[in-house]
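Being a predicted model, the structure only gives us computed values, none of them experimental. Per chain, numbering begins at 1; letters A, B, ... match sequence-line order.
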Number of protein chains: 2
Amino acid sequence: MSAQLDLDEERTLSDKASSRLTQAIVTGELAQGQKLSEADLATRFGISRGPLREAIRQLEGMRLVTRVPHAGARVVMLDKPMLADLYRVREALEGMACRMAAQAMSQEEIDTLFVLLNRHEEAINAADGLAYFQSEGDFDFHFHIALGSRNQMLIDLLVGELYQLLRMCRYRTSHLAKRTRPALQQHRQIAEAIAERDGDLAELLMRRHISGAWKSISQIMETNP
Amino acid sequence: MSAQLDLDEERTLSDKASSRLTQAIVTGELAQGQKLSEADLATRFGISRGPLREAIRQLEGMRLVTRVPHAGARVVMLDKPMLADLYRVREALEGMACRMAAQAMSQEEIDTLFVLLNRHEEAINAADGLAYFQSEGDFDFHFHIALGSRNQMLIDLLVGELYQLLRMCRYRTSHLAKRTRPALQQHRQIAEAIAERDGDLAELLMRRHISGAWKSISQIMETNP
DNA sequence: TTGCTCCGGATTGTTGACAATCAGTGCAGC
DNA sequence: GCTGCACTGATTGTCAACAATCCGGAGCAA
């Protein structure tokens, strides 16, 4: 749904490789910590090593891989300290996005926000087990708020980097999170704060929402490996 | 001072080229909006186009250049809307960094913070005209707080990306900013909040500090082209 | 057994040549 | 005079070969 349209002719081979690599990493097709062999990937993608290396450099900028000279690139390890860092950054950025969205969103966008919430609620009631679609609903909500901020740098940071890492994380722990009900309720409160153009409250609620999500995930990770 | 040590043998040609390009862009040696010719730069750096292209891909990740396929890369244009975006993101991230630093900084680091402030004050009293060194003092302060957050992702985002853009901006407007006195005073307040381990206040003050800086810069940009 | 050295294989880094694409120019045709 | 087209020149994208570097194990000495 929120996957960028990857036409067969999207642009250059580097960009195509970059998309495919991102997809492979986020979905777990390439496991965390796994080494990225240039020769192997190049032949698998049917391209040369040149464009592939450029794609890896780009993924490094997105923090999806870590690269050490003369030793190659590996898929990033989303261990607990890193996730803690990620959620703090996310709290700061999405808080700000929410504040700005409360001021900048058009009425139409706000309406769309509530449509999303209703759709999400239906999805929860209908298929209570399919955590995957619930996650996607969650992402759609945050995605729309990011766009509503009208701050291109913020959008790039969130959509282009942080959300990829979060999706990557979800593929590991999606079956664990059972917080959909309270999360939806918090989303409603946030949307209402935005509808009332209350930036202070919107930021506060979003930060509390994310900070709470981290507490929950962190707790789950204590008991599960 | 805060320049990363770039030994002649720092590692690969791409990394060296990346450093040199960053330097050239930040100092204005490469003007904003200027086109980056691969062939030209490659010969100027005495390397091939391969590593140079990788360096450009990396700079693109740092938001220092914008690249459009089949048309080449250009130095980013720091126009007013973009700077507005940048300062909002900075407000969010440095606010969070300050909050975390108030909790995580060692007593020794906090002492260093005050040493920096005193040194900065002396510099202001001594050479009232040299805005450049004052800017560097300003950066040192923010830099230390970022490091104090102990959040690697936050550090990377601030030091690796935002601060480069800010320095790039300073080279254009350094001679305009006359806000050093009140800024120093605000720094003192922030440092004291950190010393008292008051994360809430530290974040609030830092956000106010940055937001105020933007108001000032924005105002100056109204009258000056 | 432990530790060191050295070597071979594999992987990454670099290069120059080749192909594809785009911007500008001049000419023919209407 | 204007429009459209093909051509040209330059720039970017891609490739395959070459060079540099690192990792792991064999061999040997203490």
Under 3.5 Å, which donor-acceptor pairs do the side chains of residues 62-72 of chain B form with other protein atoms, sequence neighbours left out?
| from | atom 1 | to | atom 2 | distance (Å) |
| --- | --- | --- | --- | --- |
| B/Arg63 | NH1 | B/Gly61 | O | 3.3 |
| B/Arg63 | NH1 | B/Glu161 | OE1 | 2.8 |
| B/Arg67 | NE | B/Glu60 | OE1 | 3.2 |

Legend entry - Beyond-backbone contact of A/Arg170 with A/Phe139, side-chain heavy atoms, under 4.5 angstrom: yes
Check whether any side-chain nitrogen or oxygen of [X] sits under 4.0 Å from OP1 or OP2 of [N], and answer yes or no.
| X | N | value |
| --- | --- | --- |
| B/Lys16 | C/dG13 | no |
| A/Ser37 | C/dT11 | no |
| B/Arg11 | C/dT14 | no |

Inset, instruction - Verify the distance criterion only: is there a donor paired with an acceptor across the side chains of A/His144 and A/Glu109 at less than 3.5 Å? - result: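 Looking only at side-chain atoms, A/Glu109 and A/His144 do not form any donor-acceptor pair under 3.5 Å.
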Legend entry - Result of checking A/Asn151, A/Leu162, A/Leu93 against A/Leu157 for side-chain contact (heavy atoms from CB on, under 4.5 Å):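 Running side-chain contact (heavy atoms from CB on, under 4.5 Å) over A/Asn151, A/Leu162, A/Leu93 with A/Leu157 returns exactly one hit, A/Leu93.
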Legend entry - Option passing side-chain contact (heavy atoms from CB on, under 4.5 Å) with A/Glu91 (candidates A/Met96, A/Arg207, A/His209, A/Glu203): A/Arg207
Tell me the interatomic distance from [X], atom [atom1], to [N], atom [atom2], rounded to whole angstroms.
| X | N | atom1 | atom2 | value |
| --- | --- | --- | --- | --- |
| A/Ile56 | C/dT12 | CD1 | P | 8 Å |
| B/Glu54 | C/dG13 | CD | P | 7 Å |
| A/Asp40 | C/dT11 | CG | P | 9 Å |

Legend entry - Neighbour count above 12 (heavy atom, 6.0 Å) for A/Lys215 NZ: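 At most 12 heavy atoms, drawn from other residues, nucleotides or ligands, come within 6.0 Å of this atom.
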Inset, instruction - Assess whether atom CD of A/Gln107 is packed by more than 12 heavy atoms of other residues, nucleotides or ligands within 6.0 Å. - result: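 Yes - once you tally the heavy atoms of other residues, nucleotides and ligands closer than 6.0 Å, there are more than 12.
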Report each atom pair, protein N/O against N/O of nucleotides 15-22 of chain C, whose distance is under 3.5 angstrom.
| from | atom 1 | to | atom 2 | distance (Å) |
| --- | --- | --- | --- | --- |
| C/dT15 | OP2 | B/Ser48 | N | 2.9 |

Inset, instruction - Could you list where the contact with chain B starts and ends along DNA chain D, reading 5' to 3', using a 4.0 Å heavy-atom cut-off? - result: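 The footprint of chain B covers D/dT11 to D/dT14.
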Inset, instruction - Report the relative orientation of the aromatic rings in B/His187 and B/Phe141; use parallel for angles under 30°, tilted for 30 to 60°, perpendicular for over 60°. - result: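 Geometry flag for B/Phe141 against B/His187: parallel rings.
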